[in-house]
Amino acid sequence: MKEQSFQKNSGQAALISVFFVMMIMLSAVFGISSLALNERASATNSMESRRAYFAAEAGIEDAVYRYKNGKNISSPFTITLNGAESTIEIETVSPSRRQITANGDADNRKRATRAEIIIKPGASFSMALQAGTGGIKLGEGSAIYGNVYSNGSIIGDNNASTSGNVSIAGSQITLHQLYDTQNDNYNIGQVDSKIDIAQSFTPTVTGTISQVSLFIKKFNTPGNRDIKIVTSSGGSPTKTVKASGLIGANQVTGNLAWIDIPLDSTPTLSSGTTYWIIFDSSLNSANYYVWGYDNAGTGSKYSPSWNASSPVWSSIAGKMNYKVWFGDAPNIAKDIEVGGNLYAHTIQNSKVHGDAYYQTIDQYSLDWLNTYSISPGVAHAATTDLPLANMPISDAQIDAWEAEAEDGDIYGDDPSEPCPYEPPSGATIGPMRIDCYFHIPNNTSLTIKSPIWVNGDINIANADTFVLDPLASPGESGVIIADYSADPTMKGRITPGNSFAACGSAGYSASQSKCNPSNGSYLILISKYSGSDIAITLSNSSDGAVFYAPDGEISAGNGLEINSATAKQLTLGNNSSIKYEDGLSTMFFSSTGGTSQWGIDSWQEIIPE
């Protein structure tokens with residue numbers, strides 16, 4: 001009996017032990033599950049909180065964008081970002097100040113941010129390169145990382161490329177003469193006596209001819225043809241060529257249409273003097289061109305060979321349809337590779353990765369556009385030419401900076417002050433006007449208080465560093481201007497040496513030998529030189545600066561890297577590159593020059609309302 005009692009008690013103890021173990025295990029499971037649920041809830045809260053914050057930030061950015069770009073804006077308004085909602089309210093603190101508050105809400109998790117924006121003087125360098133009517137010349141292997149706009153032609157060399165869009169203004173030309181009465185067609189080169197056709201015209205004013213247009217079509221597949229503008233003698237064309245152009249066979253269809261022929265030069269034609277347009281063809285009875293004309297008109301002639309030593313010209317009873325354009329020649333894009341879209345009046349020998357917008361394109365460029373293996377582009381023929389683009393800084397803005405510089409120190413008006421002006425390394429200079437040659441020796445570091453106006457040339461030696469005053473407000477930029485007010489065709493040039501750095505208020509890193517990453521602050525070097533020399537000559541290494549020469553040429557050396565350059569004419573050396581920084585699109589200044597723009601004064605997170 002004792003043994004049975006012992007066994008019974010032992011079984012009960014085991015059951016109790018199992019029960020307690022199970023209770024402990026269940027408690028652990030419930031604890032872990034509760035912890036996991038809490039962690040999941042915490043993670044969800046964190047994720048939704050971040051979504052609410054990003055929505056609030058997006059609301060501020062949206063409002064700031066609307067103010068900067070002159071878009072319509074009302075208060076309050078709402079935007080949605082990834083399912084989170086941001087309600088934006090705007091308070092007018094003063095005519096030049098706005099307070100923007102954005103409350104983000106993601107599944108009832110709330111975050112809020114607030115910014116104040118004010119009107120500041122500023123400028124927008126929205127392009128990696130921008131050129132005036134002088135256009136852009138790109139050296140072999142040069143690369144532009146960003147967008148380009150030019151009021152003149154862009155001509156590249158082997159492997160010259162851009163990563164962004166390239167936009168070229170059509171040109172500034174005006175129609176001087178037009179004859180469009182058409183009641184008949186004249187075949188050119190179909191028979192051996194009527195191979196070359198000439199049409200006379202007489203300008204009513206003196207001007208430069210840049211383009212002619214002919215009302216023509218083709219029969220079958222003739223080749224390219226030359227057009228000549230020549231003088232007149234004895235009522236017939238001479239062999240004195242004033243300008244030439246080319247009709248590309250791919251431009252002409254089987255239907256009569258106006259074909260523009262840009263000329264290779266823009267000679268001045270005199271009022272009241274007769275000139276001739278010669279269609280220089282060849283004999284081919286199966287493949288030829290047809291010129292629309294008025295069989296009741298006068299002034300046309302034909303010849304079996306204009307190229308003969310003494311060509312014979314005979315009259316045609318009629319007058320050909322033509323247009324004569326005065327002004328600058330239509331701009332072209334030639335020998336460049338474009339990573340984005342290309343907008344140009346004329347495209348020649350170019351590779352376009354995006355779409356092409358044009359009036360005239362050669363067969364090589366069109367074939368490449370249509371067959372590019374990654375993503376063939378779209379050809380937009382007969383696209384309206386782009387207008388001329390204004391320079392980012394006006395003369396009036398530069399004048400304002402010069403006036404402010406004069407309110408500071410003036411160096412050189414005292415005869416006892418030595419010229420050239422050579423401040424020692426480590427000096428802080430400006431605001432000031434320098435009335436003599438400004439020379440910076442090798443390995444000189446200067447702190448710049450903007451603006452500085454040099455009434456003469458600026459020569460910067462090797463390994464020099466300019467840093468905008470670090471006490472300047474974050475995001476504010478500065479200017480150094482070379483402008484010889486007595487005669488800008490004589491002085492006002494800027495010549496930086498090798499390893500030159502011009503940094504904003506973020507400063508210079510000696511260990512990295514380059515400017516620190518920008519805080520939105522830049523230093524602009526401006527040349528107002530307008531003579532026959534180069535306004536800004538850049539050597540083989542330069543960092544940080546933005547270069548601007550609205551009336552002259554910027555020439556960049558081989559292997560150079562800069563942020564942005566704008567000039568009447570730009571020449572980029574072999575293997576040079578422009579690497580555009582987004583902060584250049586909106587630059588602000590503490591000084592009075594520049595256009596007024598909305599800029600951020602403060603930005604912070606706040607407690608949600």
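Numbering of residues begins at 1 and proceeds along the displayed sequence.
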With a 4.5 Å cut-off on side-chain heavy atoms, are [Y] and [X] touching?
X    : Y    : result
I460 : L525 : yes
I216 : I247 : yes
W291 : N185 : no
I278 : I227 : no
N147 : L129 : no
I554 : I534 : no
Y289 : F219 : no
I168 : L386 : no

Exercise for review: Mark yes or no: K239 above the aromatic ring of W306, with NZ or CZ under 6.0 Å from the six-membered ring centre and no more than 45 degrees from the axis.
Suggested key: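 Yes.
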
Review point. Does Y302 have K194 sitting over its ring (NZ/CZ under 6.0 Å from centre, angle to axis within 45°)?
Key: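 Yes, a cation-pi geometry holds between K194 and Y302.
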
Looking only at heavy atoms, which two atoms of [X] and [Y] are closest? And how far apart?
X    : Y    : result
P237 : V230 : CB-CG2, 3.8 Å
I536 : S527 : CG1-CB, 3.7 Å
P330 : S153 : O-OG, 4.4 Å
S271 : T206 : N-OG1, 3.1 Å
S300 : G318 : OG-O, 3.2 Å
A556 : S576 : O-OG, 4.4 Å

Check whether the side chains of [X] and [Y] place a donor and an acceptor atom closer than 3.5 Å, and report yes or no.
X    : Y    : answer
T238 : T231 : yes
S365 : S350 : no
N331 : H345 : no
S305 : N307 : no

Between the main-chain N or O of [Y] and the side-chain N or O of [X], is there a donor-acceptor pair closer than 3.5 Å?
X    : Y    : value
N183 : N295 : yes
S163 : G146 : yes
K218 : V252 : yes
Y275 : S270 : yes
D362 : N349 : yes
N341 : D355 : yes
Q211 : I261 : no
H176 : T204 : yes

To the nearest 0.5 Å, what is the distance between [atom1] on [X] and [atom2] on [Y]?
X    : Y    : atom1 : atom2 : answer
D196 : S303 : CG    : OG    : 5.5 Å
T537 : F547 : OG1   : CZ    : 11.0 Å
L572 : L570 : CG    : CG    : 8.0 Å
I336 : I154 : CD1   : CD1   : 5.5 Å
Q569 : T133 : CD    : OG1   : 8.5 Å
D192 : N284 : CG    : CG    : 12.5 Å

Check your understanding: Can you list every pair that meets side-chain hydrogen bond (donor to acceptor under 3.5 Å, both in side chains) and has a residue in residues 312-325, with sequence neighbours left out?
Key ->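 Of all non-adjacent pairs touching residues 312-325, those that pass side-chain hydrogen bond (donor to acceptor under 3.5 Å, both in side chains) are Q177-Y322, S213-W325.
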
Exercise for review: Would you please indicate yes or no on a ring centroid separation below 6.0 angstrom for W258 and F215?
Suggested key: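 So the answer is yes for these two rings.
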
Exercise for review: Would you sort out whether E402 and D483 count as a side chain to side chain contact (heavy atoms under 4.5 Å, CB included), showing the intermediate values?
Suggested key: CA-CA 9 Å; E402 291 179 350; D483 180 12; 2.5 Å; yes

Point to revise | Heavy-atom neighbours of K301 NZ exceed 12 at 6.0 Å | key: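 Enclosed.
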
Check your understanding: Above 12 or not: heavy atoms from other molecules or residues under 6.0 Å from NZ of K334?
Key ->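 No, NZ of K334 has 12 or fewer neighbouring heavy atoms, counting only those of other groups under 6.0 Å.
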
Check your understanding: When you look at Y529 and K491, which way does the side chain to side chain contact (heavy atoms under 4.5 Å, CB included) test go after all the steps?
Key -> CA-CA 6 Å; Y529 176 76; K491 299 178 183 178; 5.8 Å; no

Point to revise | Residues that P550 engages under side chain to side chain contact (heavy atoms under 4.5 Å, CB included), provided they are two or more places apart | key: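 Only K528, Y548 meet the side chain to side chain contact (heavy atoms under 4.5 Å, CB included) criterion with P550.
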
**Study point:** Non-neighbouring partners of Q190 that pass side chain to side chain contact (heavy atoms under 4.5 Å, CB included), sequence neighbours left out
**Key:**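 Side chain to side chain contact (heavy atoms under 4.5 Å, CB included) check on Q190 returns N187, Y288.
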
**Study point:** Basic-acidic side-chain contact under 4.0 Å: R493, D533
**Key:**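 A salt bridge links R493 with D533.
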
Exercise for review: May I ask you to decide if the ring planes of Y357 and Y343 are parallel, tilted or perpendicular, using 30° and 60° as cut-offs?
Suggested key: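 Answer is parallel, since the angle falls under 30°.
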
Review point. For N165 and V148, what are the C-alpha separation, side-chain angles and deciding distance, and is it a side chain to side chain contact (heavy atoms under 4.5 Å, CB included)?
Key: CA-CA 6 Å; N165 296 329; V148 179; over 6 Å; no

